[in-house]
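Input: a single structure, listed below in structure tokens.
Residue numbering restarts at 1 for every chain, and letters A, B, ... go by the order of the sequence lines. Being a predicted model, the structure only gives us computed values, none of them experimental.
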There are 2 protein chains.
Amino acid sequence: MAGARERARTELTAEIVRLAREQVERDGATNLSLRAIARDLGMVSSAVYRYFASRDELLTRLIIDSYERLGAAAEAADAAVRRSDHRGRWRAIAHAIRDWAIANPSEYALLFGTPVPGYAAPQDTIAPASRYTLVLLNLLADVEAAGGRAAGRLAPPLKRDLAKVRATLGLAVDETLMAHGMAAWAALMGAINLELFGHLHNVVDTPGARFDLVVEQEAERLFAGTTVARRTSNRA
Amino acid sequence: MAGARERARTELTAEIVRLAREQVERDGATNLSLRAIARDLGMVSSAVYRYFASRDELLTRLIIDSYERLGAAAEAADAAVRRSDHRGRWRAIAHAIRDWAIANPSEYALLFGTPVPGYAAPQDTIAPASRYTLVLLNLLADVEAAGGRAAGRLAPPLKRDLAKVRATLGLAVDETLMAHGMAAWAALMGAINLELFGHLHNVVDTPGARFDLVVEQEAERLFAGTTVARRTSNRA
DNA sequence: AGCAAACGAGAGCAGTGCTCTTGCATCTCC
DNA sequence: GGAGATGCAAGAGCACTGCTCTCGTTTGCT
């Protein structure tokens with residue numbers, strides 16, 4: 001089995017992806033060049049098209065991989081904290097996402113930056129894309145199970161959407177709590193975006209401290225009503 | 001005065017910018033092509049370089065214009081609300097920013113999406129860039145003047161940075177309140193980003209309703225302690 | 001009137017994504 | 001094991017891109 005041809009194919013495919021990722025990290029996604037990859041490989045440009053039908057297809061592959069890495073980072077951070085320490089888990093997840101973004105700015109931009117105009121995300125990206133959000137949703141479910149509730153009243157259409165999400169994912173999370181969780185998610189991503197895309201220059205030089213603030217504020221909002229876990233070590 | 005040559009120059013410059021903006025709106029910033037503009041103008045591509053030294057310079061011009069428009073929209077929305085109705089002003093500003101983003105997605109992406117790798121924002125973009133944030137900061141100053149205070153303790157380095165900002169801008173805003181304002185700002189931009197860049201697909205179909213939620217939550221956080229304005233019409 | 005600056009046109013360089021043909025290597029089926 | 005189908009790399013080529021340089025012409029200022 002594993003004919004020489006097939007093995008060469010998978011190896012070359014992996015090599016292309018590796019070089020592509022290097023290029024994206026160095027020059028950004030817009031400057032990804034199939035021809036440059038071909039040159040590095042000692043091949044002619046048309047040969048690369050045997051492995052990826054187009055530049056977009058290669059980009060899609062990179063996007064999927066990046067989502068998986070981000071998801072893995074979030075999962076690992078979450079898993080390292082005691083299950084009942086919801087605040088600690090939130091902090092860990094949020095910082096893991098930010099740390100990953102800081103460490104891999106080009107990849108983060110690939111996922112959360114400007115979408116390429118012509119490019120429509122294919123179906124096979126949505127599963128990996130939801131991996132890191134699932135970590136947050138699972139945390140919400142645990143909060144709910146521990147008796148956490150969120151105050152407030154939701155607009156009926158939003159409530160309906162969220163009920164649908166709950167049904168689809170099979171998660172036991174109250175719509176209101178989920179809505180608060182999504183607001184926290186938006187604040188988290190917004191803080192990272194502002195920091196990473198340079199909108200804080202000439203404003204604040206310590207984005208890390210500001211990020212902590214956002215995380216803490218969201219924690220306060222999400223877990224203020226939670227009546228669990230005799231207050232033990234809550235510090236990160 | 002206004003020699004024919006000079007007049008022709010300013011007219012052509014304006015025409016180039018107009019065509020460039022059209023192109024960005026239609027095809028996105030990455031697909032902006034000087035050659036295409038030259039074609040539309042009936043000129044040869046090299047002639048355009050008499051007016052803009054490079055593609056980046058033209059993009060910078062577009063960015064500045066867009067920041068000005070966004071700033072103007074925010075200012076207008078703020079001005080339409082009674083000064084003492086801080087909640088209403090926050091709502092108006094937030095919705096104005098979002099509405100502008102929805103109406104001009106490509107321009108918004110130009111401002112807040114992935115920065116072009118090689119591109120460093122020139123000095124002359126930072127003043128227009130801070131125009132819409134100034135609207136928010138002025139609101140904070142009014143809240144402060146009305147006796148609004150924010151709870152919580154800030155990390156010393158963040159507090160120092162914010163004090164510097166206050167000194168630079170000459171704004172009378174407590175650091176803690178400013179920090180809360182910046183968190184609200186991050187949440188606002190995060191919500192818009194997620195909505196506009198398609199990260200809510202397969203999650204929530206009514207981003208408008210969800211956006212309202214974020215705005216309301218931030219309003220709650222910012223103005224909970226404010227002890228002003230006998231509660232009158234607070235509805236948008 | 002004379003001169004310098006501004007200007008548009010054109011050719012050209014280096015790069016891009018992508019297609020098509022051509023010949024060789026490999027794998028598969030009889 | 002040989003014959004035919006398939007996979008693959010190479011090369012040429014098309015239609016683009018940003019940008020540079022040169023070369024006449026037009027314009028405006030002195």
Side-chain angles (χ1 to χ4, degrees), chain A residues 1-17 19-24 26-63 110 114-120 122, chain B residues 1-17 19-24 26-63 110 114-120 122:
Chain A
M1 330 285 100
R5 182 154 242 163
E6 189 178 341
R7 207 181 51 228
R9 179 171 188 86
T10 62
E11 273 179 18
L12 246 177
T13 305
E15 189 66 4
I16 290 173
V17 170
L19 289 173
R21 166 151 279 113
E22 270 185 28
Q23 237 184 76
V24 167
R26 192 170 0 99
D27 309 317
T30 61
N31 294 23
L32 174 64
S33 158
L34 284 190
R35 288 186 115 107
I37 292 176
R39 270 195 301 275
D40 287 359
L41 246 51
M43 297 201 314
V44 87
S45 75
S46 61
V48 179
Y49 284 83
R50 297 271 172 204
Y51 300 87
F52 290 94
S54 70
R55 185 176 171 277
D56 272 7
E57 194 175 300
L58 179 54
L59 265 180
T60 299
R61 170 62 177 272
L62 292 181
I63 289 175
L110 190 61
T114 311
V116 182
Y119 179 85
Chain B
M1 327 287 99
R5 182 153 241 162
E6 189 179 342
R7 209 182 49 231
R9 179 171 187 86
T10 62
E11 272 180 19
L12 245 177
T13 306
E15 188 66 5
I16 290 174
V17 170
L19 289 173
R21 167 150 277 114
E22 270 185 29
Q23 236 184 77
V24 166
R26 191 168 4 96
D27 309 317
T30 61
N31 295 21
L32 174 64
S33 158
L34 284 191
R35 289 186 115 108
I37 292 176
R39 271 194 302 274
D40 287 359
L41 245 51
M43 297 201 314
V44 88
S45 75
S46 60
V48 180
Y49 284 83
R50 298 272 177 208
Y51 300 87
F52 290 93
S54 69
R55 187 176 171 276
D56 271 8
E57 194 175 300
L58 179 53
L59 265 180
T60 299
R61 169 65 176 271
L62 292 182
I63 289 175
L110 191 60
T114 312
V116 183
Y119 180 85

Self-check item: Of residues 36-45 of chain B, the positions that come close to DNA chain D - non-hydrogen atoms, cut-off under 4.0 Å
Solution: Arg39(B), Ser45(B)

Quiz prompt | Reported CG-to-CD distance for the pair Leu32(A) and Glu22(A), which is rounded to 0.5 angstrom | solution = 12.0 Å

Practice problem: For Phe52(B) and dT20(D), give me the distance from atom CZ to atom P, rounded to whole Å. | Solution: 16 Å

Quiz item: What does Leu32(B) touch in the nucleic acid at a heavy-atom separation under 4.0 angstrom: a base, only the sugar-phosphate, or nothing?
Solution: sugar-phosphate

Enumerate the protein-to-nucleotides 24-27 of chain D contacts in which both atoms are nitrogen or oxygen and the separation is below 3.5 Å.
from: dT26(D); atom 1: O2; to: Arg5(B); atom 2: NH2; distance (Å): 3.4
from: dT27(D); atom 1: O4'; to: Arg5(B); atom 2: NH1; distance (Å): 3.1
from: dT27(D); atom 1: O2; to: Arg5(B); atom 2: NH1; distance (Å): 3.4

Exercise. Using a 4.0 Å heavy-atom cut-off across all strands, classify Leu12(A) as base, sugar-phosphate, or nothing.
Key: sugar-phosphate

Self-check item: Under the side chain to side chain contact (heavy atoms under 4.5 Å, CB included) test, residues paired with Ser46(B) that sit two or more places apart
Solution: Val44(B)

Quiz item: How long is the span from the CZ atom in Arg5(B) to the OG1 atom in Thr10(B), to the nearest 0.5 Å?
Solution: 13.5 Å

Quiz item: Looking at residues at least two apart in the chain, or sitting in another chain, which of them share a salt bridge (Lys or Arg N to Asp or Glu O under 4.0 Å) with Arg61(A)?
Solution: Asp65(A)

Quiz item: Considering only heavy atoms and no angle criterion, is a donor-acceptor pair shorter than 3.5 Å present between the side chain of Ser46(A) and the base of dG11(D)?
Solution: yes

Exercise. For Arg50(B), enumerate each residue passing the side chain to side chain contact (heavy atoms under 4.5 Å, CB included) test, keeping only those at least two apart in sequence or located in another chain.
Key: none

Quiz item: When the distance from CZ of Arg50(A) to P of dG7(D) is rounded to whole Å, what number comes out?
Solution: 9 Å

Self-check item: Phosphate contact (dA9(D) OP1 or OP2) by Tyr51(A) side-chain N/O below 4.0 Å
Solution: yes

Quiz prompt | Distance (rounded to the nearest 0.5 Å) between Leu34(B) CG and Leu41(B) CG | solution = 11.0 Å

Quiz item: What distance separates Ile16(B) CD1 from Glu11(B) CD, expressed to the nearest 0.5 Å?
Solution: 12.0 Å

Practice problem: Could you check whether Arg55(A) gets within reach of a base, just the sugar-phosphate, or nothing at all, counting any heavy atom under 4.0 Å? | Solution: sugar-phosphate

Quiz item: Reading DNA chain C 5' to 3', which nucleotide is the first, and which the last, to come under 4.0 Å of any heavy atom in chain B?
Solution: dA6(C) to dG12(C)

Practice problem: State the OG1-CD distance between Thr60(A) and Glu57(A), to the nearest 0.5 angstrom. | Solution: 7.0 Å

Quiz item: When the distance from OH of Tyr49(B) to P of dC23(D) is rounded to whole Å, what number comes out?
Solution: 21 Å

Practice problem: Mind calculating the distance between CD (Glu57(B)) and P (dG18(D)) to the nearest angstrom? | Solution: 14 Å

Exercise. Measure the CE-CD distance between Met43(B) and Glu15(B) for me, rounded to the nearest 0.5 Å.
Key: 10.0 Å

